[in-house]
Amino acid sequence: MVVGEVSTSSQVLVIGGGPGGYAAALRAARLGRQVTLVERDAIGGTCLNVGCIPSKVLIHAAELAHLPTTTEGTGVQLRASVDLPAVQDHLREVVSGLTGGVSSLLATAGVTVVTGTARFSRPNRAAIAMGDRVEHIEFEEVILATGSRPIELDALPLGDERVVNSTGALFSFATVPAHLVVVGGGYIGIELGTAWAKLGAQVTIVEADETILPGMDRRLARVVARRLPELGIEVLTGTTATGLDDDGVVVTTPDGPRSLPATNVVVSVGRRPNTDDLGLDKVGVRVDQRGLIPVDPSRRAARHVLAIGDITDGPALAHKATAEAEVAARTAAGLDAQFDPAAIPAVVFSDPEIATVGLTADQATAAGAEVQRFVFPLSASSRARTIGATGGHVELVADAAGTVLGAQIAGPHVSELIGELTLAIEMAVTAEELAATIHPHPTMSEGVLEAAHGLLGMPLHVAAPRRG
Ligand code: FAD
């Protein structure tokens, strides 16, 4: 140690305080380990501070603002107005309530929280930069949970005052943008674009792929793609943003170059793992070509080093990070644990919501299964009718024996249904067992029941099976 260096030690060091890191720290502490959590920015990470939580608050505010357009035929008239600074204050209030809650949980569990940027200096030691000071922490095990950051585009630099990333799109607009161009039609672009359209912006979404929501089940993506123009959103697929001009964004469409008027531009073209500045070579960890850290099922990347969340393979989602945190904390505490889920659900908080888990019919067929599927249209759901929802469906995919392999759902509040189907896949439930499970009436969950009956060839509220 260099004279003057301050060094402390911790049985478990966690780097990164997002839904991966804070959950790992809490669990390891509750398993009796002495834990230090280092976070360079804000406890709660991307998800609580600038991701899942504020985006869902904005989406909820946008839905309220949009309600007056949805009451036709109900006998109710509404008027809405949007006070954007107050909406943004509300976002910050919800975020600080949740991050404050996490901080008190960490304190109660006895986790030492250090504000600083961690970098490995030796195999069992990290240097923590805290302003003009550096502190060293020695560890028996380290759990890496440093998350990801938005990818930037040279053609659309954040230095231009019109251009923001997803964080800017949540917090930085002083007024509702007159013309908003969202570059990137993945789930974050779709969620933000839809929210701003409902808050009154004229929105154009630009996507380089042939369809929006690339990688998502096509039938689900189509439900959202049909709805976007109804909300006044222009969608340009097969289109690349190539730069800015005085009026807005220059794009190359399949029909040639075009200029899109834009008062504001959101760049939302994916995220990059935060693995490039950690000194990983000092702890014997190498990243793959995507910058991700390879791990074994116990989440071990190297002797003394575990990794979880967005810096590892798999969907970059908060619940995946938290589930991995449970495993990493147990491994760090010397217990036997494996991350081996049958399926990881994913939700897009679009209009309508879409949710998916397990295999699509195409994926199951490609994996060699003899596939059955049934699509129950929500137009036949009494609950959907009571709330005026017309589009959407519940699709179940099963193997020849009827074991549920996957589910793809579109409709209002379907984010709340996908948990049941994740459990079904995890427990290898059959369509018969799902159909024998009484679901409450009238609820959206009956769509699952109906689709299960359909898989058995005996649908109740649709006339004929729709088998693919
Ligand atoms: P993060 O949450 O990114 O946390 C990593 C933390 O590590 C950060 O706080 C960072 O400051 C810190 N850090 C990095 N390097 C260092 C270092 N060297 N030293 C100290 N600290 C460091 N996911 C969902 O599941 N559902 C959603 O609805 C959803 N919506 C989203 C909406 C938006 C707009 C965005 C951007 C993301 C959304 N996500 C959503 C994704 C989700 O936020 C991430 O998958 C999740 O936060 C990953 O958790 P993590 O713990 O791996 O990393």
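As the structure lists them, so they are numbered: ligands from 1, and atoms in each ligand from 1.
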Quick one: do [X] and [Y] make a salt bridge, cutoff under 4.0 Å?
X: E141; Y: R303; value: no
X: E230; Y: R226; value: no
X: D217; Y: R219; value: no

[X] to ligand 1: N or O pair under 3.5 Å?
X: T46; value: yes
X: F349; value: no
X: E191; value: no
X: T117; value: no
X: A118; value: yes
X: C47; value: yes
X: V50; value: no

Check your understanding: What residue and heavy atom of the protein are closest to atom 38 (C) of ligand 1, and at what distance?
Key -> Y187 OH, 3.2 Å

Point to revise | Closest approach of any protein heavy atom to atom 33 (C) of ligand 1, naming residue and atom | key: G51 CA, 3.4 Å

Heavy-atom pairs closer than 4.0 Å: do any link ligand 1 to the side chain of [X], the backbone, both, or neither?
X: I15; value: side chain
X: L278; value: side chain
X: C52; value: both

Exercise for review: List the steps and the verdict of side chain to side chain contact (heavy atoms under 4.5 Å, CB included) for L231 and K198.
Suggested key: CA-CA 7 Å; L231 295 167; K198 289 180 174 176; 4.0 Å; yes

Practice item. Determine, considering heavy atoms only, which of A145, G21, P345 sits nearest to atom 5 (C) of ligand 1. Key: A145

Exercise for review: Starting at OG1 of T331, measure out to CD1 of I308 and round the result to the nearest 0.5 Å.
Suggested key: 10.5 Å

